[in-house]
Structure formats: structure tokens, C-alpha cells
Enquirer: 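Before I ask anything, let me first share the structure, which is written out below as C-alpha cells.
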Number of protein chains: 2
Amino acid sequence: MKLQNIRLAVDAIIFGFSEGNLYVLLIQQKFGTNKLQWALPGGLVQNEETLNEAVLRELAEETGVKINYLEQLYTFGDKLDRDHRNRVVSVAYFGLVDSSKIIVKPDTDALHAEWIALDEIPKLAFDHNQMVKLAFQRLQNKLTYQPIGFDLLPKEFQFSELENLYCTILHREIDRRNFRKKILSFGIIEETDKILLKGAGRPSRLFRFNKKKYRELEKEGIIFEI
Amino acid sequence: MKLQNIRLAVDAIIFGFSEGNLYVLLIQQKFGTNKLQWALPGGLVQNEETLNEAVLRELAEETGVKINYLEQLYTFGDKLDRDHRNRVVSVAYFGLVDSSKIIVKPDTDALHAEWIALDEIPKLAFDHNQMVKLAFQRLQNKLTYQPIGFDLLPKEFQFSELENLYCTILHREIDRRNFRKKILSFGIIEETDKILLKGAGRPSRLFRFNKKKYRELEKEGIIFEI
DNA sequence: ACAAAAGTGTTAATCTTACACCCATGT
DNA sequence: ACATGGGTGTAAGATTAACACTTTTGT
């Protein structure tokens, strides 16, 4: 058999939620063959690092963003001609950050990173558009059966933010009363004693997600489901 | 950066169900460093084939089994010392066959393939035990929200076989009446006019899964859930 | 006639959905 | 006083869960 000539890369689809909009973290290369084309952060895996480490390193190097949640999404390796004479198989990771960590690294000489609204994503390099699409599907699914929405929000958040997050990402109407009832019934979020007072309208209480509590309840077989 | 020295492989975790037991397809190498150690079917990806093609090829070469269902499971690449000086990252695939296709290839000079009951699987090569574990979790989950159980049964099956499959794999009791009601309510399985008469007990009608119907209903937003 | 496996309905309990008004603040 | 956004409860409907006897065959 011919010697294997395949390179292994990782790519990250990182979502952020801010002011009712969902964003994806993208980078733009200033030089090279893909000059000025947008792409997902990512790159070749080094010999001595795990796949996870590779993603985290690339994210740090290219964007500076610290993520709250990361999981492997899918391995893309079917486009044989993706990069002529240089077959690359890429392990895509799916991640979430909250808006407090949404500040990106200042431009370097070679790279520019930015949050782009999901529905304004241009044609990306390689099969990255497909990756974003799959990642978004995963986000939608996961949101309904795991409490990952909290990883897109600040530590302390208003109930209306959570509600807004769900109805933005799932593209569906949500009944405020039923939603609150259900979320509270899991016993995984707790009231803080802070009241947020901003602009017109009644001030809102801030809540906090209790991850430890969730882990315990999970073990006891409790099922989160929206 | 040092030249990348990573090899890419695929491995397949294939489940079969027969007489109330769940089996995994394993192979045993007769020579080499892993002589007589059991392992999952799999091997290095060739330069000109997709990952899917690679799995199917390896399965054909090593076991001869024709599968009904196949999907990518997870990419394992964290054990850096998995094979000293030869780092291998492996894309694991998860598959199902029905018992009519459960016959394996006769032994070749180098290989022996066999169906081993899930709870009798020995220590396998590399991180293959971990792969089996993850694949089984996937099977359990998927069984509850996608009609993949049918891919483990013959085309025409008794209701009791289906019921037995669910309660074996999910390790839980199932109420026959409620189960039948629910499954039938989806409208995705149909009666055949065949009655199976075997041994003592009332003969049972055979049913058939209508995949086309399921695809249609799926588009209309129907949700399969046990 | 007895053992074995398949087939079948009803009722209570739970969960889900739909729905509208009051509250606390800013202007 | 009016606009804005936050907070709250109830009742009807749908779904799920619990439960036991009859049917058809082989021996």
C-alpha cells in the first residue's frame, strides 16, 4: 500500500450569544492562498498534543477567546480534493462562550478574528460552511435536552435573556409562564438577590445556573428537556 | 513546525442482535504484534477513499458482513502512546446488521472474525474497549429517538422480537400493551399477512418497517420516541 | 387439560398547553 | 399617566402509566 498522505487538522465552530443574536467566531487570513477569505479557527494537529489540546491551542493563538463548553462534533474527510495534492481530514469541534468572553484578540500581522452573525456568514474556506451548518443543528438539538444554553449567557442572567436565547436559536415562540415553570422545576437554577434595573420596565431578578446541582440530579436520572 | 507524523485509521463497532442477545463483530489477528488479541475491524485510510468507503472496505475485507446502518461515532486520538512512535488517530463508526447478514467470512490465513456477545467482550487492542462502550451508549440513546431498532431485525419480524430488542438493549421492563400501542401509533410499521407458527404458544403475526413512510413523516415533523 | 406465547382496552395520573392581567420602573 | 418589560396561576386537553384476562397453538 502506498504511504498514507493525509494531514490531520482541527477546526472550531464557536458560538456566542449577545443582544439577542447568535454569532460565530471566524478568522480572516491576510496573506497566502486564502487571503481575505473567512474561515473557522483551526489548523494542523501537532504530533505531541491531543485533539482537544490542538483546538484550544488554535483558538488561543488565533482568537484569544476562552470557551465555556467544547465537544467534538464530527470528522470531515470526504472532500478528497479539498486541497489539491494535500488531503486534509479535519476533526470539527463545537463550542460555546458567554458574552463576557466574547472579546477577540487584536489583529496580528497575519490574522484577523471576528464574531459574525450566523445569518451573515459569507462563503467560507474549504467545507467550513457545512461545518457551521452541522454545528448549528447540534446546538439546536442539544439545547433541548442539555442545559448548555447557560454557557452562552453571563454567570448571572435575567430569565428573559434565557427565554430569548431559546426562542432565537430554536426559531420558535415560547410561552413565558410555561417556560419559567419548566426551567425552575428542574431545580438547577437559583435566584440571586440581585435585581437588575435597566431602562424602562419592571426591574428583573438575576438567576444563576447551578452546574454542580445539575451534575448530581443527572446522576439520579433527572432529565433536562425543553 | 515538525512534519506531521500521524496516521489516520477507521474502526467499526458493528452490533448484531440474535435470539435476544446483542453481539459485536470482532476480529482476531493470527500473526504480528497483536497476535490472538481481539480487535474491532478497521485499518488505515487509503489516500483516495473517503472515510465511509474506508470503513466499508475494511468490513468487507475483514469480515464480509453487509451492514444495514452506518454512521460516524467519534474520533479517538488522545492516546498519544497508543502505538509507540506511530501515533494513530482513528475515526470510529457505529453500525447495525440484522441477523440474516450475521454470517461472517470464513477464516483467512491471517484473520478470524466472530460475533461476540457484548457482555463477554475481552480486553481489546488499543482503545477499542472504550469505543465499544461509547458505541453502546449511542445505540441505547438512538434507539429511543430514532427507529434504528429495525436495522437489527430481519425484514419481517414479530412484535415480541422488537419488544425484546428494546428491553434487552435498554435494560428496562416494557409493558407489552403500551409498547405496541405506541409503536403502531407512529404508522411506520405495517402488518404482513404472514403468521409465524413456531413451538408452543399462539402464532404471531409478522410486521414490516416502512422506511419510506418514516422518511415522509419525518419531513412532516413527526417525532419517533420511545 | 395444561403450558406457552400472543393479543387486546380501560382508567387514573401526569404532563403539557393555552391563555390575560397586574407590577415596578422610566419618562 | 403612559410606555416598557417583568412577573404570576388556572383550567382544559393530551399523553403516559398501570394493570389482567382471553386467544391460539403444542404437548
Side-chain angles (χ1 to χ4, degrees), chain A residues 18-21 143-145 149 153-154 156-168 170-208 217 220-226, chain B residues 18-21 143-145 149 153-154 156-168 170-208 217 220-226:
Chain A
S18 179
E19 328 221 322
N21 274 99
L143 213 51
T144 66
Y145 67 86
L153 292 178
E156 304 193 331
F157 55 87
Q158 303 163 246
F159 231 106
S160 59
E161 291 179 281
L162 186 64
E163 189 193 319
N164 184 230
L165 185 152
Y166 271 85
C167 84
T168 302
L170 300 180
H171 299 134
R172 66 156 109 124
E173 298 286 295
I174 286 175
D175 180 278
R176 201 165 3 136
R177 286 166 291 190
N178 294 339
F179 180 75
R180 192 181 181 115
K181 224 181 302 169
K182 179 167 257 181
I183 295 280
L184 287 174
S185 74
F186 297 123
I188 58 177
I189 80 165
E190 51 200 28
E191 279 192 359
T192 69
D193 47 12
K194 294 184 195 140
I195 303 285
L196 183 70
L197 195 147
K198 74 146 192 273
R202 178 170 172 172
S204 55
R205 164 155 264 124
L206 293 182
F207 291 82
R208 194 191 299 118
L217 293 173
E220 293 166 27
I222 266 217
I223 293 155
F224 178 89
E225 174 126 43
I226 299 295
Chain B
S18 179
E19 327 222 321
N21 275 100
L143 213 51
T144 66
Y145 66 86
L153 293 178
E156 304 194 331
F157 54 87
Q158 305 163 245
F159 232 106
S160 60
E161 290 180 280
L162 186 63
E163 190 193 318
N164 184 230
L165 185 152
Y166 271 86
C167 84
T168 302
L170 300 180
H171 299 136
R172 66 157 110 123
E173 297 286 295
I174 286 174
D175 180 279
R176 200 162 9 132
R177 286 165 289 190
N178 294 339
F179 181 75
R180 192 183 181 111
K181 223 181 301 170
K182 179 168 258 181
I183 295 280
L184 287 174
S185 74
F186 296 121
I188 57 177
I189 80 166
E190 51 200 29
E191 279 191 359
T192 69
D193 47 11
K194 293 182 196 143
I195 303 285
L196 184 70
L197 195 148
K198 75 148 191 270
R202 177 170 172 174
S204 55
R205 165 155 262 125
L206 293 182
F207 292 83
R208 194 192 300 117
L217 292 173
E220 293 167 26
I222 266 217
I223 292 155
F224 178 89
E225 173 127 44
I226 300 295

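A note on names: the letters A, B, ... follow the listed sequences, proteins ahead of strands, and every chain is numbered from 1.
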Enquirer: When you match A:Phe159 and A:Ala200 each to their closest nucleotide on DNA chain D, which lands nearer the 5' end?
Expert: A:Ala200
Enquirer: Please list, chain by chain and in numerical order, all residues satisfying side chain to side chain contact (heavy atoms under 4.5 Å, CB included) with B:Gln158, sequence neighbours excluded.
Expert: B:Ser160, B:Glu161, B:Leu196, B:Lys198, B:Ser204, B:Leu206
Enquirer: Measure from CG on B:Asn164 to C1' on C:dA6 and round the result to the nearest Å.
Expert: 14 Å
Enquirer: Quick one: is C:dA5 close enough that its OP1 or OP2 comes under 4.0 Å of any side-chain N or O from B:Ser160?
Expert: no
Enquirer: Rounded to the Å, how far apart are B:Gln158 CD and C:dA4 P?
Expert: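 Value for this atom pair: 17 Å.
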Enquirer: Would a 4.5 Å heavy-atom cut-off, applied to side chains only, mark B:Leu217 and B:Phe186 as touching?
Expert: no
Enquirer: Taking atom CD1 of A:Ile195 as the centre, report whether more than 12 heavy atoms of other residues, nucleotides or ligands fall under 6.0 Å from it.
Expert: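 More than 12 within 6.0 Å, yes.
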Enquirer: For nucleotides 9-12 of chain C, tabulate all protein N/O to nucleotide N/O atom pairs closer than 3.5 Å, reporting atom names and distance.
Expert:
residue: C:dT10; atom: O4; partner: B:Lys181; partner atom: NZ; Å: 3.0

Enquirer: Working to the nearest 0.5 angstrom, can you tell me the gap between A:Ile223 CD1 and A:Tyr145 OH?
Expert: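 Atom-to-atom, A:Ile223:CD1 and A:Tyr145:OH are 13.0 Å apart.
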Enquirer: Once you round it to whole Å, what is the distance between P of C:dA18 and CZ of A:Arg172?
Expert: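 To the nearest whole Å, that distance equals 12 Å.
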Enquirer: Return yes if some donor-acceptor pair links the side-chain N/O of B:Tyr166 with the main-chain N/O of B:Leu143 below 3.5 Å, else return no.
Expert: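 Pair found, side chain donor or acceptor close to backbone of B:Leu143.
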Enquirer: Starting from P on C:dA6, measure out to CZ on B:Arg180 and report it in whole angstrom.
Expert: 10 Å
Enquirer: Report yes if at least one side-chain N or O of B:Arg205 is closer than 4.0 Å to OP1 or OP2 of C:dG7; otherwise report no.
Expert: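 For B:Arg205, the contact criterion (side-chain N or O under 4.0 Å from OP1 or OP2 of C:dG7) is not met.
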Enquirer: If I take atom CG from residue A:Asp175 and atom CD from residue A:Glu163, how far apart are they, to the nearest 0.5 angstrom?
Expert: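 Between A:Asp175 CG and A:Glu163 CD, I get 8.5 Å after rounding to 0.5 Å.
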Enquirer: May I have the distance from B:Ile174 (atom CD1) to C:dA6 (atom C1'), rounded to whole angstrom?
Expert: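 Roughly 16 Å, once rounded to whole Å.
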Enquirer: Sequence neighbours left out, what passes side chain to side chain contact (heavy atoms under 4.5 Å, CB included) with A:Glu190? Give chain and number order.
Expert: A:Arg208, A:Asn210
Enquirer: How would you give the extent of chain A contacts on DNA chain D, as first and last nucleotide 5' to 3' within a 4.0 Å heavy-atom cut-off?
Expert: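 Going 5' to 3' along DNA chain D, contacts run D:dT4 to D:dT10.
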Enquirer: Measure the distance from CZ on B:Phe179 to P on C:dG7 and round it to the nearest whole Å.
Expert: 13 Å
Enquirer: Specify the separation, in whole Å, of atom CD1 of B:Ile183 and atom P of C:dT8.
Expert: 15 Å
Enquirer: Is there a side-chain contact between B:Leu162 and B:Leu153 (heavy atoms, below 4.5 Å)?
Expert: yes
Enquirer: Of the residues in residues 190-197 of chain A, which ones touch DNA chain C at a heavy-atom distance under 4.0 Å?
Expert: A:Leu197
Enquirer: Measuring from atom CD1 of B:Ile226 to atom CD1 of B:Ile174, what distance do you get when rounded to the nearest 0.5 angstrom?
Expert: 7.5 Å
Enquirer: Could you go through A:Leu170 and A:Thr144, starting from their C-alpha distance and side-chain angles, then the distance that decides it, and tell me whether this counts as side-chain contact (heavy atoms from CB on, under 4.5 Å)?
Expert: CA-CA 9 Å; A:Leu170 300 180; A:Thr144 66; 4.0 Å; yes
Enquirer: Let me confirm one number: the CG-CZ distance from A:Asn164 to A:Phe157, rounded to the nearest 0.5 Å.
Expert: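 One finds 13.0 Å between CG of A:Asn164 and CZ of A:Phe157.
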Enquirer: Run the side-chain contact (heavy atoms from CB on, under 4.5 Å) test on B:Phe207 and B:Ile183 for me, step by step, so that the C-alpha distance in whole Å, both residues' side-chain angles and the decisive distance to 0.1 Å come before the verdict.
Expert: CA-CA 11 Å; B:Phe207 292 83; B:Ile183 295 280; over 6 Å; no
Enquirer: How many whole angstroms separate atom CD1 of B:Ile223 from atom P of C:dT16?
Expert: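 Checked: the CD1 to P distance equals 13 Å.
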Enquirer: Does A:Lys182 or B:Leu206 map to a spot on DNA chain C nearer the 5' end, using the closest nucleotide for each?
Expert: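 Residue closer to the 5' terminus by nearest nucleotide: B:Leu206.
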Enquirer: Using a cutoff of under 3.5 Å, can you pull out all pairs of nitrogen or oxygen atoms linking the protein to nucleotides 21-23 of chain C, with atom names and distances?
Expert:
residue: C:dC23; atom: O4'; partner: A:Arg202; partner atom: NH1; Å: 3.3

Enquirer: Measure the CD-OG1 distance between A:Glu19 and A:Thr168 for me, rounded to the nearest 0.5 Å.
Expert: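 That separation rounds to 12.0 Å.
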